[in-house]
Protein chains: 2
Amino acid sequence: METRIERIKKQLHSASYKLTPQREATVRVLLENEEDHLSAEDVYLLVKEKSPEIGLATVYRTLELLTELKIVDKINFGDGVSRYDLRQEGAAHFHHHLVCIECGAVDEIQEDLLEDVESVVERKWNFKIKDHRLTFHGICYRCQDKDKEVEKVD
Amino acid sequence: METRIERIKKQLHSASYKLTPQREATVRVLLENEEDHLSAEDVYLLVKEKSPEIGLATVYRTLELLTELKIVDKINFGDGVSRYDLRQEGAAHFHHHLVCIECGAVDEIQEDLLEDVESVVERKWNFKIKDHRLTFHGICYRCQDKDKEVEKVD
DNA sequence: AACATATTTTATAATAATTATCATATGGTA
DNA sequence: TACCATATGATAATTATTATAAAATATGTT
């Protein structure tokens with residue numbers, strides 16, 4: 001964890017930005033909630049718990065900065081808010097998501113899976129891919145189990 | 001075109017909605033700009049040209065309705081506005097997009113391409129896929145050509 | 001350490017997109 | 001035609017995000 005912050009600090013420095021206390025607090029919240037998909041407001045509230053003096057605008061600016069440096073990715077699941085997701089260290093591409101249309105849970109897929117598709121797209125559409133966004137909408141394993149229970153009862 | 005509107009009319013009716021003049025005007029704009037990715041505001045301005053009395057709220061409501069009926073898909077390329085894209089008739093899944101990070105152009109890929117990936121995801125993550133969103137960010141063929149020109153000049 | 005300079009933050013105002021409200025209008029049907 | 005549900009238009013309200021400007025903080029130099 002600490003080493004991870006150290007590395008992010010270096011990334012900031014090499015782009016001539018500083019890791020201010022506010023930025024560090026924001027990064028910590030992201031690290032501590034890595035499995036979640038927090039909105040700017042969510043991050044703000046969590047940061048505020050430990051650093052109550054922070055302002056919402058600072059959180060927005062920090063998230064924007066981290067996005068620019070590809071430390072986090074900004075995603076949008078269609079619910080009107082942007083969410084911020086830490087990129088795996090050293091990952092060339094953004095990971096994928098499974099959004100459950102029953103319970104709203106968002107699970108992550110770290111595997112690439114798109115290598116073949118991307119080479120087809122690059123060749124056939126002559127498009128130089130830099131990044132991607134892939135989200136599946138459907139029913140997660142938890143809800144499938146729940147649904148089965150209901151069927152039994154009926 | 002006319003037959004396409006007829007079919008949409010039937011889809012609305014079978015969900016007990018009417019194809020009012022305002023809704024028809026909105027659908028026509030979507031059909032006439034099928035290759036574009038219009039925001040609600042864009043649609044509003046285009047509809048207004050032929051039906052100046054229409055209100056913005058009606059356009060929003062119509063787009064929401066069409067989204068609900070899966071006649072259009074609501075997408076978000078990360079620029080703060082939702083865009084609306086007609087689904088191909090009979091298409092089980094939403095098509096993919098190529099967003100150029102240089103010129104902003106958005107091209108469409110109608111081929112599925114994801115069959116293999118989806119079967120892996122369904123099996124390995126036990127997730128029942130209902131739909132997907134896939135967007136590639138990179139450099140389109142037009143900008144690659146432009147970039148080459150610049151290199152020559154340099 | 002003191003100073004000059006650039007960066008960052010805070011609080012707040014401004015903007016932009018979207019949704020809610022409510023009185024009015026419309027369309028089909030008994 | 002009168003009724004009733006549905007749809008619309010104008011506008012207000014809400015929500016997310018960005019811009020602004022003054023104050024604070026950090027950095028580099030002498």
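Chain identifiers are assigned alphabetically (A, B, ...) following the order of the sequence lines, protein sequences preceding nucleic acid strands; residue numbering begins at 1 within each chain. Reckoned from all heavy atoms, side chains included, excluding hydrogens, waters and symmetry mates. Everything numeric in this text was worked out from a predicted model, so none of it was measured.
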Donor-acceptor contact present, side-chain B/Ser16 to main-chain B/His13, <3.5 Å: no

Distance (rounded to the nearest 0.5 Å) between B/Thr58 OG1 and B/Glu53 CD: 9.5 Å

Between C1' of C/dT26 and CG of B/Leu19, the distance in whole Å: 14 Å

Main-chain N/O of A/Phe136 paired to B/Arg133 side chain as donor or acceptor, under 3.5 Å: no

Mutual orientation of the aromatic rings belonging to A/His97 and A/His37 [parallel < 30°, tilted 30-60°, perpendicular > 60°]: perpendicular

Among D/dT8, D/dT11, C/dT18, the nucleotide that comes nearest once only the side chain of B/Gln22 is considered: D/dT8

Touch class at under 4.0 angstrom, heavy-atom based, for A/Glu41 against every strand present: nothing

By side-chain hydrogen bond (donor to acceptor under 3.5 Å, both in side chains) - contacts of B/Lys48 (at least two apart): B/Tyr44

Test of ring centre spacing under 6.0 Å for A/His93 and A/His95: no

Minimum-distance nucleotide to B/Leu56 side chain [options: C/dT18, C/dT9, D/dA7]: C/dT18

C/dA17 phosphate, OP1 or OP2, under 4.0 Å from B/Ser39 side-chain N/O: no

Close residues, residues 60-72 of chain B, relative to DNA chain C [heavy-atom separation under 4.0 Å]: B/Tyr60, B/Arg61

Touch class at under 4.0 angstrom, heavy-atom based, for B/Ser82 against every strand present: sugar-phosphate

